[in-house]
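Below: the structure, in structure tokens.
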Amino acid sequence: MNMRQGVDPLLVADGVSKSFPGVKALDDMHVELRHGEVLALVGENGAGKSTLMKLLSGIHTADTGRFLLDGQPFEASSPSEALQLGISIIHQEFNLVPDLTVAQNLFLGREPRRGLFTSDRALERQARELLDRLGLVLDPSTRVGDLTVAKQQMVEIAKALSHDARVLIMDEPTAALNDAEVETLHQLIRDFVSPRTGVIYISHRMDELKRISDRITVIRDGSYIDTLDTATTTMPEVIARMVGRAIDTDARPENVREDRPVVLSVDGLSTKALLDDVSFDLREGEILGFAGLMGAGRTEVARALVGADRSTGGRIVLRGRDVQIPNPARAAALGIGYLSEDRKHLGLLLDQSVADNVALASFGDRFARGGFVGEKAVRREAEQVVTRLAIKTPSVDRMVKNLSGGNQQKVIIGRWLVKDCDILIVDEPTRGIDVGAKDEIYRLLGELAEQGKSIIVISSELPEVLRLSHRVVVMSEGCVTGILDRDDATQESVMELATQRHSAPATVIEAEELADMPTEDPTDTPAPDPRQAGRS
Amino acid sequence: MTTQHTPDAATDPASNPPSDAATAPGTNSTAARPASATAEGRSLVGEEMRARLQQLLAFASLVVIGAFFAIASPIFLTFGNITNVLFSTVVIGLLALGTTFVIITGGIDLSIGTGMALCAVMSGTFITTWGIPWPLGVVLAVLFGGLIGFVNGVNVAGLGLPPFIATLAMMLVAQGLALVISKSAPIYFSDSPGYTQLSTGNLIPGLDVPNAVLVLALATIVAAVLLGRTVLGRYTFAIGSNEEATALSGINVGRWKIVIYTLAGLFTGLAGVMISARLGSAQPATGMGYELQAIAAVVIGGTSLAGGKGSIVGTIIGALIISVINNGLQLMSIPQEWQNVILGAVIIVAVYADMARKKATAT
């Protein structure tokens, strides 16, 4: 080994700047990864994390500054060159071919060959050796598309490590994993880290950083802010540096409004797949939170309610009247808007303008002038929504894909406000949204409730549910196990109900997982059965 | 768009500083907005410019190709020849207009070529065989096209067949039916001179432009208004952009798809009328291959086969490019066989240029 090892840090970004036309993405950035450590890199969306990764992997070139590996300046000009230097990057979106097997994916482009032919047997052997070395329980001959997201993640990591990486950079590696899977991932990381290696771990999940990282580097608006020792720092300190201000996470709403009328009453809602006799009331001006573990059936309640999925039983009473909701079109007509957990795939028209996205649900009625679209009305209404919800966009003509996650979410909320929905069902309202914008969404939902809208909030983040809700419905295995008033709802009480098992042997879900919920004691949950890993 | 270089950068450090986010929600929002608006005002102009540029690009290629032929052949720019080019654009143009809607939804319609032949045969059956007055026969033939499209729509939206398969099947059905109904023989419109006048006559006295060109112009305007100004048009784009999101927004996607395929069918019916009026006969064995020319016109015009993007102006320019090339090569006495070779090359160049342009703007 190099004499300088131990003196020089493993990887250094020294005064790196990078501008794109009109934007300074990185400004005098400093990052220092020491030998044998896990360095967490945190910052809001737009802080410059992705740009930094793209510079490291050679996709872009820095304007000024330099990168050092073991004290030696280097510059990767392509991702494969970065790999050769020992820098492996695992991107948020996987680079896997779903129709190939695990083994074929692991050695894609480096297949063992015999003349013109590849040798499947040698390939499988190599793959098995690699997986064994990493202690991963994966069958090399499985089709990658048949694996759970968590296992695909493992394949991606195995692929990265097969290159004899010294620096492993992971971008939001746990975005789609449950707690047990996160723990497996963390074990892999701990096994990987040695005196000659290091890991840069990018994540939004504060509780994880505490568990896995040695130090935390905070960046903001393309600049270096601070580096903290994980052991001696608290998460509010980290968050405060990220956003440059303290967030009050305990700004919970006022008391439940017992006197307000019930607008929506659901009685005995069931589906073939999961839901069993789900009943609850929603009052006017109320935010009703839905908490539960992965697979508890929260999203299914929403989808069955708006007619996106078929229900096998149950009564829906809307303002005292029995209603049938066979499809989302009917739900919308009745003033019930569903904001899906998957904004990009189930919510937005990414290539269309803010105005068209806001007006989408209302073209058929509000903006129709005998089949023609009332362009002026659309613009006027969209501009009002942009102002009312403080959507940051230079104009309502801007394509939605160019907005940040938080503003995109507001656009969808705006869509249902324009449709004049009294009932909003918001599924994971802040998924993939940075901390500052989260707070803004919370306040917005609170304001809407105060104005008389009734809101159902589904969230995997327990603090979020508790922060927002007047009452909390807790679900487990497709059943409602409890409805808690604001004052009774604590992390502990909700978690107790969420882990409560229902005695219906035929439909019992084998493995429980603690979803994405940061709880006091996340350690001793059993490993999940991947087949059960569905939507929550 | 200047802020788009990385996903990270796109979420705009320029307009979204955290301090701003803190003060923005709900109530005092008016203060927060103008600041960000000026910060990104310039990039928005770029975005609009680029949308225009796309159509400009297609138009520019048309001009360049035209200029080339004008130099190569003295006849090219004569009034007679230009009319000729327009005349030969009519059928492909009409088919392309209808199929633009379908392609923007992310679908495809392969049945328009043989569907057109079937509509021509039906027109002949109505007018010549059954003796229905020709104006009514025209209406019925167009409606018959709508029926073909309706069946396509039901197969796609109702049965959930992939558009490629559903319309491929319809392509075969229409071809077969055209031969069965006509007993494989052309049907002539000799008894209805008014019918052929529909294509070759001159409605506007003193101006030597065939009526078919006027029909195409009118159809273009109708299509552009439908796509750009109506609810139908918005839903066409919405479905192509994100079908599931559109459905979850309370729009009956299946019903609208049926409407859109039916609309494409109406254009097919009109094309059937125009081609048979031009030839003075319904030729049951023709039609195959027209669908691909029409799709080529749509694609050259910048409409994305992935859906969500496209324009009527682009489609018409695309159709014009195809007929200008065919016409120009004829004038230069280049054998017909070569025309398809060159057309194929043009498609590759046009689509590649469009992709390269998008790449340059979207990195």
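So that the names make sense, note that chain A is the first sequence line, chain B the second, and so on, each numbered from 1.
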Salt bridge A:Arg369-A:Glu375, side-chain N to carboxylate O under 4.0 Å: no
salt_bridge(A:Asp171, A:Lys49) N-O dist < 4.0 Å: no
Heavy-atom pairs under 4.5 Å with chain A, option from B:Val225, B:Leu226, B:Thr230 with the top count: B:Thr230
Between A:Ala331, A:Pro328, A:Gly307, A:Ala332, the one whose heavy-atom pairs under 4.5 Å with chain B are most numerous: A:Pro328
Among A:Ala308, A:Ala329, A:Gly370, residue most engaged with chain B (heavy-atom pairs, under 4.5 Å): A:Ala329
Heavy-atom donor-acceptor pair, B:Asp109 side chain to B:Thr99 backbone, under 3.5 Å: no
Any donor-acceptor N/O pair, B:Lys309 side chain to B:Gly302 backbone, under 3.5 Å: no
Under 4.5 Å from a heavy atom of chain A, the part of B:Ala247 involved: backbone
All ring-ring contact (aromatic ring centres under 6.0 Å, His included) counterparts of A:Trp416, not counting sequence neighbours: none
Non-hydrogen atoms of chain B under 4.5 Å away: do they reach the side chain of [X], the backbone, both or neither?
X        : result
A:Lys419 : neither
A:Leu348 : backbone
A:Ala368 : both

Donor on one side chain, acceptor on other, B:Ser241 and A:Asp351, under 3.5 Å: no
